Trainee: 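Below: one structure in structure tokens.
What's counted below: heavy atoms across the whole structure, side chains too, no hydrogens, waters or symmetry copies. If you're wondering where the values come from, they're calculated on a predicted model, not measured in any experiment.
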There are 2 protein chains.
Amino acid sequence: MAEQADKRQPVEAGGRGAENRERIVAAADRLFYEKGFQATSFSDIADAAGVPKGNFYYYFKTKDALLEGVIDWRRQCLKKLLSGLNAQYDDPRERLMTLLTGLCAGEDDIVRYGCPMGTLSAELCKTGHEMKEQAQSLLETIREWIATQLQAMGRDDAPEFAREILTRSQGVTLLAHAYGDHHLLVEEMARVRHWVTAVLDGQPH
Amino acid sequence: MAEQADKRQPVEAGGRGAENRERIVAAADRLFYEKGFQATSFSDIADAAGVPKGNFYYYFKTKDALLEGVIDWRRQCLKKLLSGLNAQYDDPRERLMTLLTGLCAGEDDIVRYGCPMGTLSAELCKTGHEMKEQAQSLLETIREWIATQLQAMGRDDAPEFAREILTRSQGVTLLAHAYGDHHLLVEEMARVRHWVTAVLDGQPH
DNA sequence: GTCTATATGGGGATAGAC
DNA sequence: GTCTATCCCCATATAGAC
């Protein structure tokens, strides 16, 4: 189940195969997000990626292996996002607020498809998929990063505070998705930021 | 799509057919909750309900019709719950706090399968199912009830406040489900209640 | 490495005996 | 109203030519 990972070595070697592999992962990533994991068929992915169905069993032996590739891909994107924030700002508070603002960046996507991490976790948990822990670890990664920023601000309630920020953000995206309400997303996320600001400025929470 | 509803007339007539229909709905309700809608097959339901597969096409022409029956069933349960609270308490605040406490009642279920309304909405929205609005209306029903209680307490921010309570509750259940963490559920729900109490007692929010 | 043709299984749904 | 046998389709997955 973890053996597929090493197959990714030739990615940087620059062969056409690497391009194909990445195309498949990128297409699957998008479709798993838009339609969900179960509802996405190989045909869907093949069409989207422009790669014949049969071919990509060469890259991924099973659909689960493909899911693993997609989760790894999302993990890399997330890591890149967070380390980007680390590099861009020195002030941990600025980092955090930028993240919270950025969560609304893909506004339409979130309204239409929900949070990529939250919805995937929910689906995999419900179906009892073996890879649910991997999806959960994406959420945990972001929670830890938030906690790190809070700790850098000298807060001793960093872990719980971070958890609550994540909780509220997930609640907002879930409802915005369920209601298909763009306005709800923007307004409630602003409310979350306002609350974080107030707490950081000394209000008890 | 709505024609199946009138089939429910004979339910109270007390024939064996009515029992069967209810058994099917009850089994489907439970399985849709535990495994999700897509992942639940007719065979699963047939086994659980003790009714042969072929038979229940007599009651539901399609899987979607069955889903509609399940959503109606959940709506009735929800209505019963809320009117029960209305009858049990005169004080709207007591009603609200009882509801918020009760949300943790099925603790283990929530940790394992999430919120019945939230997870169903998420799944139907993601797959673009025609019945997503029906699922959404379950959430809306509960939000309206909360708003009604808040308004009865004389709050002029009732609609937004109710929405935020729902948002936070959904966030808590989503994370508790994703993490499979019983402790998280209890603790964060207590935090939500604490926050509601504080706001009701005059703290700005 | 690439792609076509195909196997296999399980899903929803139907026909029709009882 | 009840239940069995069966159909069809589409999904994942494989075999093997190129």
Side-chain angles (χ1 to χ4, degrees), chain A residues 1 3-4 6-25 27-28 31-32 35-70 123-124 127-131, chain B residues 1 3-4 6-25 27-28 31-32 35-70 123-124 127-131:
Chain A
M1 183 154 297
E3 311 86 86
Q4 289 85 356
D6 45 359
K7 282 264 178 56
R8 212 177 308 108
Q9 287 168 350
V11 164
E12 308 231 316
R16 257 230 313 296
E19 279 175 23
N20 261 356
R21 191 186 198 278
E22 208 157 324
R23 279 233 299 276
I24 291 170
V25 172
L31 285 166
F32 287 174
K35 309 181 38 158
F37 173 67
Q38 308 175 81
T40 301
S41 74
F42 277 132
S43 302
D44 295 332
I45 303 169
D47 290 350
V51 174
K53 265 188 3 173
N55 182 12
F56 63 81
Y57 279 92
Y58 172 74
Y59 296 102
F60 301 96
K61 310 235 180 307
T62 73
K63 199 185 182 188
D64 286 357
L66 177 52
L67 174 61
E68 188 178 10
V70 167
E123 182 180 358
L124 298 186
T127 55
H129 198 287
E130 322 132 349
M131 219 156 287
Chain B
M1 185 151 297
E3 312 86 86
Q4 289 84 357
D6 45 359
K7 283 264 179 57
R8 213 177 309 108
Q9 288 166 349
V11 164
E12 308 232 316
R16 255 231 314 296
E19 280 177 23
N20 260 356
R21 191 187 199 279
E22 208 158 322
R23 279 234 299 276
I24 292 169
V25 172
L31 284 167
F32 287 174
K35 308 180 39 159
F37 174 66
Q38 309 174 81
T40 301
S41 74
F42 277 130
S43 304
D44 294 333
I45 303 170
D47 290 349
V51 174
K53 264 188 6 171
N55 183 13
F56 64 83
Y57 280 93
Y58 171 73
Y59 296 101
F60 302 96
K61 310 235 178 310
T62 71
K63 199 184 181 188
D64 286 358
L66 178 52
L67 174 61
E68 189 178 8
V70 167
E123 181 179 358
L124 298 185
T127 55
H129 198 285
E130 322 131 349
M131 218 157 288

Trainee: Which residues pass the ring-ring contact (aromatic ring centres under 6.0 Å, His included) test with B:F37, not counting sequence neighbours?
Mentor: B:F32, B:H129

Trainee: Within the distance-only criterion (no hydrogens, no angle test), does the side chain of B:E68 pair as donor or acceptor with the backbone N or O of B:M131 below 3.5 angstrom?
Mentor: no

Trainee: Please state how far atom OH in B:Y58 lies from atom P in C:dA17, giving the value in whole angstrom units.
Mentor: 18 Å

Trainee: Just by modelled atom types, is the A:Q38 backbone N or O under 3.5 Å from a matching donor or acceptor in the A:E123 side chain?
Mentor: yes

Trainee: Side chains of A:V25 and A:R21: closer than 4.5 Å at any heavy-atom pair?
Mentor: yes

Trainee: Whole-Å distance between D:dT4 P and B:N55 CG?
Mentor: 9 Å

Trainee: Calculate the interatomic distance between A:R21 atom CZ and C:dT2 atom P; express it in whole Å.
Mentor: 13 Å

Trainee: For residues 46-55 of chain B, which residue pairs qualify under side-chain hydrogen bond (donor to acceptor under 3.5 Å, both in side chains), counting only residues two or more places apart or in two chains?
Mentor: none

Trainee: Excluding sequence neighbours, so at least two apart, what forms ring-ring contact (aromatic ring centres under 6.0 Å, His included) with A:F42?
Mentor: A:F56, A:Y57

Trainee: With the criterion being N/O to N/O and under 3.5 Å, what pairs connect the protein with nucleotides 6-13 of chain C, and how long is each?
Mentor:
{"unit_1": "C:dG12", "atom_1": "OP1", "unit_2": "B:T40", "atom_2": "O", "d": "3.4"}
{"unit_1": "C:dG12", "atom_1": "OP1", "unit_2": "B:K63", "atom_2": "NZ", "d": "3.1"}
{"unit_1": "C:dG12", "atom_1": "OP2", "unit_2": "B:F42", "atom_2": "N", "d": "2.7"}
{"unit_1": "C:dA13", "atom_1": "OP2", "unit_2": "B:K63", "atom_2": "N", "d": "2.8"}
{"unit_1": "C:dA13", "atom_1": "N7", "unit_2": "B:Y57", "atom_2": "OH", "d": "3.0"}

Trainee: Report the distance from atom OH of A:Y59 to atom P of D:dA13, rounded to the nearest whole Å.
Mentor: 18 Å

Trainee: Please report, rounded to the nearest Å, how far the C1' atom of C:dG1 is from the CZ atom of A:F60.
Mentor: 15 Å

Trainee: Reading DNA chain D 5' to 3', what string of ( ), [ ], | and . shows its pairs, if Watson-Crick and G-U wobble pairs count only when both distances fall under 3.5 Å?
Mentor: ||||||||||||||||||

Trainee: Quick one: closest heavy-atom pair of B:A49 and B:I24, and the distance?
Mentor: CB-CA, 4.2 Å

Trainee: List in chain and number order the residues that pass salt bridge (charged side-chain N to carboxylate O under 4.0 Å, His left out) with A:D44, two or more places apart in sequence or in another chain; answer none if no residue qualifies.
Mentor: A:K35

